[in-house]
Amino acid sequence: MISAQDWSDAHRLWDFQQMGHEVRPCSVGIGLGSHDLGVADATVGLYRRGMFPLMVFTGATSRTTKGRMPRGEAEHYRERALELGVPESAILVEPHARNTGENIRFSRSVLHDHGTHVSSILLVSKPYEERRAYATARKLWPDVDVVSASTNMRLEEYVDSIGDARLVLDMLVGAQQRLLVYPERGFTITQEVPEDVLGAYERLRQAGFVSRLMAE
């Protein structure tokens, strides 16, 4: 059972993880691989709005996606974009990254090899990973402007789209943990975390939403 307190805490993490950036035109869009094809849909939507002329889909597979996306996250994203009418010339694929840091570093390399000058990037991720995507890019690619974006959805809508409430709450807790520990490991910039967010995170951990936690 997921209690009313659990849902309240999940909402607090959900709201905090989203950066609230105003979307603006950038040199390139980067769709970060995951189990959620909605990231590809959101990237295509931004492309259609003229927010970038070129997109990179990045990601191999993980324990969450190897069954759903056997050809790799980036390739499934590419196929989705093509289905939605994006020309193949507007899509680059980076099929090797297995974490957010590799997403950024490997995408940067692909764009360099493609000869694309990059002064700004529009990062597209799952709604609850906007903040970590931003913090990672600011650490690893500090000389570009970074805008973080995702599908505009309420938590309940996102849970319905995934079909597994517990998985989503576990992912929220895992995302929050990484925001707390990654700066110490040199993976991301440091971001201030409000006390109410820390409280929500600790309560969800104590309630057992721990399957996506890393060993500390």
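This is a predicted model, so every value here is computed, not measured.
Closest approach of Leu54 to Leu92, counting heavy atoms only: CD2-CD1, 3.8 Å. Residues Asp170 and Val210 approach most closely at OD1-N, 3.5 Å, considering heavy atoms. The shortest heavy-atom contact between Cys26 and Val147 is SG-CG2, 3.9 Å. Nearest heavy-atom pair across His76 and Leu37 is O-CD2, 3.9 Å. In this structure, Ile2 and Trp7 approach most closely via the heavy-atom pair CG2-NE1, 3.3 Å. Closest approach of Arg98 to Glu102, counting heavy atoms only: N-OE1, 2.8 Å.
A donor-acceptor pair is defined here as one N or O able to donate and one able to accept, closer than 3.5 Å; such a pair exists between the side chain of Asp6 and the backbone of Ser3. Here the side chain of Arg49 pairs no donor or acceptor atom with the backbone of Val23 at under 3.5 angstrom. Looking at Arg78, its side chain never comes within 3.5 Å of a backbone N or O of Phe57 through a donor-acceptor pair. Between the side chain of Ser27 and the backbone N or O of Ser119 there is at least one donor-acceptor pair closer than 3.5 Å. A donor-acceptor pair under 3.5 Å is absent between the side-chain atoms of Ser8 and the main chain of Ala4, judged by distance alone. Listed for the Gln17 side chain is no donor-acceptor partner under 3.5 Å among the backbone atoms of Leu172. Proximity of a side-chain donor or acceptor of Glu94 to a complementary backbone N or O of His96 within less than 3.5 Å is detected.
Clustering ILVMFWY residues whenever any of their side-chain heavy atoms sit less than 4.5 angstrom apart, transitively, puts Met55 in the very cluster that holds Tyr77. One hydrophobic cluster, built from ILVMFWY side chains closer than 4.5 Å, holds both Val56 and Ile104. Note on Trp14 and Leu180: same hydrophobic cluster, where clusters join Ile, Leu, Val, Met, Phe, Trp and Tyr whose side-chain heavy atoms are under 4.5 Å apart, directly or indirectly. When the side chains of ILVMFWY residues are joined at heavy-atom separations under 4.5 Å, either directly or via intervening members, Val28 and Val44 end up in two distinct hydrophobic clusters. Cluster membership for Leu179 and Phe209, using ILVMFWY side-chain heavy atoms within less than 4.5 angstrom, is shared.
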Exercise. Given the rule in the side-chain contact (heavy atoms from CB on, under 4.5 Å) test, do Val193 and Phe16 qualify, once you have shown the distances and angles that lead to the verdict?
Worked result: CA-CA 9 Å; Val193 181; Phe16 177 67; 4.2 Å; yes
Determine, stepwise, if the pair Asn103 / Ile30 fulfils side-chain contact (heavy atoms from CB on, under 4.5 Å).
-> CA-CA 9 Å; Asn103 287 143; Ile30 301 179; 5.8 Å; no
Item to complete: Tell me, with the steps shown, if Thr100 and Tyr182 meet side-chain contact (heavy atoms from CB on, under 4.5 Å).
Response: CA-CA 11 Å; Thr100 307; Tyr182 276 8; over 6 Å; no
Any chance you could lay out the salt bridge (charged side-chain N to carboxylate O under 4.0 Å, His left out) test for Asp36 and Lys126, step after step, and finish with the verdict?
CA-CA 7 Å; Asp36 182 7; Lys126 300 187 294 296; over 6 Å; no
What verdict does the side-chain contact (heavy atoms from CB on, under 4.5 Å) test give for Asp9 and Glu202, after you've listed the backbone C-alpha separation in whole Å, the side-chain angles of each residue and the deciding distance to 0.1 Å? CA-CA 9 Å; Asp9 289 335; Glu202 291 296 344; over 6 Å; no
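Note that OG of Ser211 is 7.5 Å distant from CE of Met171, once rounded to the nearest 0.5 Å. With values rounded to the nearest 0.5 angstrom, Leu204 atom CG is found 13.0 Å from Gln177 atom CD. Of the inter-residue distances, the one linking Lys139 atom NZ with Thr188 atom OG1 reads 7.5 Å to the nearest 0.5 angstrom. Note: Leu13 CG to Tyr128 OH = 12.0 Å, rounded to the nearest 0.5 Å. To the nearest 0.5 Å, atoms CD (Glu83) and CZ (Arg80) are separated by 6.0 Å. Atom CG of Leu122 is separated from atom CE of Met51 by 8.0 Å, given to the nearest 0.5 angstrom.
Defined by atom type and a distance below 3.5 Å, a donor-acceptor pair is present between the side-chain atoms of Ser150 and Glu130.
Checked against ring pair (Phe, Tyr, Trp, His ring centres under 6.0 Å), Phe52 has no partners two or more places apart in sequence or in another chain. With sequence neighbours left out, the ring pair (Phe, Tyr, Trp, His ring centres under 6.0 Å) criterion links His21 to Tyr134.
Proximity of Phe187 to Thr136: side-chain heavy atoms (C-beta onward) are nowhere separated by under 4.5 Å. Using a 4.5 Å heavy-atom cutoff, the side chains of Gln191 and Met19 are in contact. Residues Glu129 and Leu32 have side chains not in contact (no heavy-atom distance under 4.5 Å, counting atoms from C-beta outward).
Annotation for Glu88: atom CD does not count as buried by contact number, only 12 or fewer foreign heavy atoms lying within 6.0 Å. Few gaps surround CG on Asp113; more than 12 heavy atoms of other groups in view lie less than 6.0 Å from it.
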